[in-house]
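Numbering of ligands and ligand atoms starts at 1, following listing order. Numbers here simply count residues along the sequence, with the first being 1.
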Amino acid sequence: HSSIQYRHGVIEYDPAVHTYSFERQIVQDINRAIETKELFMVYQPKVQTGTGEVTGVEALLRWQHRVHGLISPGVFIPVLEENGKIFEVTDWVIETVFRQVSHWLDEGVEFKRVSINIPGPYVTSSRLLSVLHEGLRKYGIDSRLIELEITETSVIHDIENAITAVGRFREMGLSVALDDFGTGLSSLSYLRKIPISTIKIDKSFVDGVPLSEKDSALLRAITTLCSSLKLRVVIEGVETQEQIDFITGMIERPHIQGYYFSPPLQEGEFVEWLKEREL
Ligand code: C2E
Ligand code: CA
Ligand code: CA
Ligand code: CA
């Protein structure tokens, strides 16, 4: 199959060559995937350097397909967004993460905040509000423990409704992070109007740092802008000591999410990882 690209045994997407038949198969298989537990969540910590505090964890979706093996969410989420199945899958994600959170609370696992990715078309729907309300109530979860990650692209796609939706989430006590910041080629004026709590600077700004002078200057500029807005700034995709050194030389106590601290982990591994840090 020329449409399917493997990297480290994981299927990755090439938008230029993906085929109709592969998409159709994904759409067909997704219902079964929920029932047969082919879908599962992994968890990637966010760490504040300086204090070393684990300030959050992002829940990320995985699909262990019975024929294709592990498929990256970068492959199947865009397909599910196109055909509307993403709504059901997101409900499943929310339910699964809330159940996990309530389990961690029962077990005394300490974490500050868990982030859930909300796809663009779902952000402004009223169904999402009721799913969140009901889920929080059902599992007895304090809304301050939950953060929603919404992409900059989806916000600028429908700015007025996004501002309203984010306002409602904040009224519920939820945090809201603006994901993939800097990739939306947008004017920045909406930042004054949207009541987000966190900005996540996209990995693409980190990749060339510190070797590329231009990339380093751009990361510095974008980080300085974001931190002057008095928002939590999370820098994504940090992999190396050199990148950490550059970033800590640039702002105080940044929040970092990246392989430098940990890749996304299965639930059990994540709890182990937390325990080991406490020692
Ligand atoms: P994202 O929301 O920007 O998530 C961060 C991605 O960067 C994750 O990829 C994570 O594994 C990866 N990452 C984090 N640190 C590093 C690093 O240091 N190096 C490298 N190379 N990668 C790093 P992942 O899990 O493959 O997810 C890809 C995208 O799929 C996510 O990007 C998000 O847009 C989407 N996605 C994942 N889970 C969900 C979900 O539950 N719902 C929705 N709607 N989208 C999801
Ligand atoms: Ca995210
Ligand atoms: Ca991101
Ligand atoms: Ca991303």
Checklist line | Part of D180 within contact of ligand 1 (heavy atoms, under 4.0 Å) | finding: side chain
Next item on the list: Under 4.0 Å, heavy atoms only, figure out whether ligand 1 is touched by the backbone of D179, its side chain, both or neither.
Entry: side chain
Note to self: Looking only at distances, can you tell me whether any N or O atom of E239, backbone or side chain, sits closer than 3.5 Å to an N or O atom of ligand 1?
What the structure shows: yes
Notebook entry, point to check: Near V238, which atoms of ligand 1 are under 4.0 Å from a heavy atom of that residue?
Noted result: 18 (O)
Notebook entry, point to check: By residue and atom, what protein N/O/S atoms are less than 3.0 Å from the Ca ion (ligand 2)?
Noted result: E58 OE2, N117 OD1, E149 OE1, D179 OD2
Margin query: Taking 4.0 angstrom as the limit and counting only heavy atoms of G258, give me the atoms of ligand 1 inside it, by number and element.
Written below: 15 (N), 18 (O)
Margin query: Minimum distance, heavy atoms only, to atom 25 (O) of ligand 1: which one of K46, R62, Q44 is it?
Written below: R62
Note to self: Is it the case that the side chains of E147 and S197 hold a donor-acceptor pair, with the cut-off being a distance below 3.5 Å and no angle test?
What the structure shows: no
Notebook entry, point to check: More than 12 heavy atoms of other residues, nucleotides or ligands under 6.0 Å from CZ of R144: is that the case?
Noted result: no
Check: In ligand 1, which numbered atoms sit nearer than 4.0 Å to a non-hydrogen atom of P264?
Finding: 11 (O)
Checklist line | Side-chain H-bond candidate by donor/acceptor type, N83 with E23, under 3.5 Å | finding: no
Checklist line | K203/E236 salt bridge by N-O under 4.0 Å criterion | finding: no
Check: Between R253 and E53, does at least one N-O distance fall below 4.0 Å, as a salt bridge requires?
Finding: no
Check: Is there a donor-acceptor contact under 3.5 Å linking the side chains of Q257 and K200?
Finding: yes
Checklist line | Selected option - heavy-atom contact closest to atom 26 (O) of ligand 1, from P73, G120, P119 | finding: P73
Notebook entry, point to check: Can you find an N/O atom of Y260 closer than 3.5 Å to an N/O atom of ligand 1?
Noted result: no
Notebook entry, point to check: Taking atom types as modelled and ignoring hydrogens, do the side chains of Q241 and D245 form a donor-acceptor contact shorter than 3.5 angstrom?
Noted result: yes
Notebook entry, point to check: For I77, is the nearest heavy atom under 4.0 Å from an atom of ligand 1?
Noted result: yes
Next item on the list: Please determine if I86 has a nitrogen or oxygen closer than 3.5 Å to a nitrogen or oxygen of ligand 1.
Entry: no
Margin query: A quick test of your reading: do over 12 heavy atoms of other residues, nucleotides or ligands sit less than 6.0 Å from CD of E110?
Written below: no
Notebook entry, point to check: Going through the checks in order, is the side chain to side chain donor-acceptor pair (under 3.5 Å) test met by N117 and Y122?
Noted result: CA-CA 10 Å; N117 289 285; Y122 206 13; over 6 Å; no
Margin query: Do the side chains of R62 and E38 get close enough for a salt bridge, i.e. N-O under 4.0 angstrom?
Written below: no
Check: Can you tell me if K46 and S115 form a side-chain donor-acceptor pair at under 3.5 Å?
Finding: yes
Next item on the list: Output yes when the distance from some N or O of ligand 1 to some N or O of E58 is under 3.5 Å, and no in every other case.
Entry: yes
Check: Does a donor on one side chain and an acceptor on the other come within less than 3.5 Å for Y139 and E95?
Finding: yes
